[in-house]
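Nothing here was measured: the structure is a model prediction, and the numbers come from that model. Atoms within a ligand are numbered from 1 in the order they appear, just like the ligands themselves.
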Amino acid sequence: MSKVFAVYGASGCGRSLMPVAVEQLQRLYGDDYNAQQLVFIDDALAIDTKVNGHVAMNYQRFIDLQPVNKSVLIAIANSSIRQKIADKLVQDGISLWTVKGTTTLIMDEVSIDAGAALSPFVTIAANVTIGRCFHANLYSYVEHDCIIGDYVTFAPRVSCNGNIHIHDHAYIGTGAVIKQGTPDKPLIIGKGAVVGMGAVVTKDVPAGAVVVGNPARPLNK
Ligand code: UDP
């Protein structure tokens, strides 16, 4: 059965992850790589086109493609859109594809659910559990004993230290640093919270809060 792979989203996030996807298939298939199909999906496209040299089409066209074994990386930073698309893919019998770079390092006893985008130079340290469709952008790390929920998004260079729990749909901005917790009292970033770029988070962030600065404080104060 032939296979087709896709990167869903042909904007900034998708164009940055496509080369990582190419690299992964080259690792997997070696000389047979050219036989594999790898395309962009983007619903803004009325007709097939090319983006950075790769075939790009909308979802309906992708569904109509003949190979039945399809895997898709959702490369869209907005976590609600990611969830909506993931639900649609699963309903349509399409696998959520995890993509990681050759420089991505994953240590011992790490569990990562389907659909993760682990960019180049990302490190996931030991004894970490990560939910569905996690995005870790360039140079981010997750240190030991962290628990990350579903649809969590890290912009580039996020420093997530040990014993931190990040709940579903949280967004962590570029260069944010989160202080480590302890096994007895992990530091918690609540569901849907937003941590601004460059923030230094020293204590728990409630669900839905937006925090900025050093030390990080709610934006509306
Ligand atoms: N998109 C899509 N289907 C959707 C929602 C978004 O194909 O249901 C595409 C959208 O057309 C755009 C991309 O996803 O090309 C999202 O791009 P954006 O620049 O908003 O975000 P980023 O690439 O930074 O995640």
>> To the closest 0.5 Å, what do you measure between SG (Cys160) and CD1 (Ile172)?
In response: 7.5 Å

>> With a 6.0 Å cut-off on the ring centroids, do Phe121 and Tyr141 count as close?
In response: no

> Looking at atom 22 (P) of ligand 1, what's its closest protein heavy atom, distance included?
Replying inline: Cys13 CB, 3.7 Å

> Taking the six-membered ring of Tyr151, is NZ or CZ of Arg82 closer than 6.0 Å to its centre and within 45° of its axis?
Replying inline: no

> Within less than 4.0 angstrom of ligand 1, does Tyr8 place any heavy atom?
Replying inline: yes

> By number and element, which atoms of ligand 1 are closer than 4.0 Å to a non-hydrogen atom of Ala77?
Replying inline: 25 (O)

>> Considering non-hydrogen atoms of the protein only, which is the closest contact for atom 1 (N) of ligand 1, and what is the distance?
In response: Ile76 CD1, 3.8 Å

> Does Gly131 offer a backbone N or O that forms a donor-acceptor pair with the side chain of Asp150 under 3.5 Å?
Replying inline: no

> What are the atoms of ligand 1, with element, lying closer than 4.0 Å to any heavy atom of Ile81?
Replying inline: 5 (C)

> Any protein heavy atom lying closer than 4.0 Å to atom 8 (O) of ligand 1?
Replying inline: yes

> Is the Lys NZ or Arg CZ of Lys70 less than 6.0 Å from the centre of Phe5's six-membered ring, within 45° of the axis?
Replying inline: no

> Nearest to atom 19 (O) of ligand 1, what protein heavy atom do you find, and at what distance?
Replying inline: Ser11 OG, 2.7 Å

>> Quick test: of every protein heavy atom, which one is nearest to atom 12 (C) of ligand 1, and how far off is it to 0.1 Å?
In response: Asp42 OD2, 3.5 Å

> Looking at Asp43, which atoms of ligand 1 are within less than 4.0 Å of one of its heavy atoms?
Replying inline: 2 (C), 3 (N), 4 (C), 7 (O), 8 (O)

> Can you list the atoms of ligand 1 that are under 4.0 Å from a heavy atom of Gly12?
Replying inline: 23 (O)

> Where do Asp42 and Tyr8 land on the side-chain hydrogen bond (donor to acceptor under 3.5 Å, both in side chains) test, with the steps shown first?
Replying inline: CA-CA 6 Å; Asp42 198 296; Tyr8 205 134; over 6 Å; no

> Using the ring of each side chain (for Trp, its six-membered ring), is Phe154 parallel, tilted or perpendicular to Phe134, with breaks at 30° and 60°?
Replying inline: perpendicular

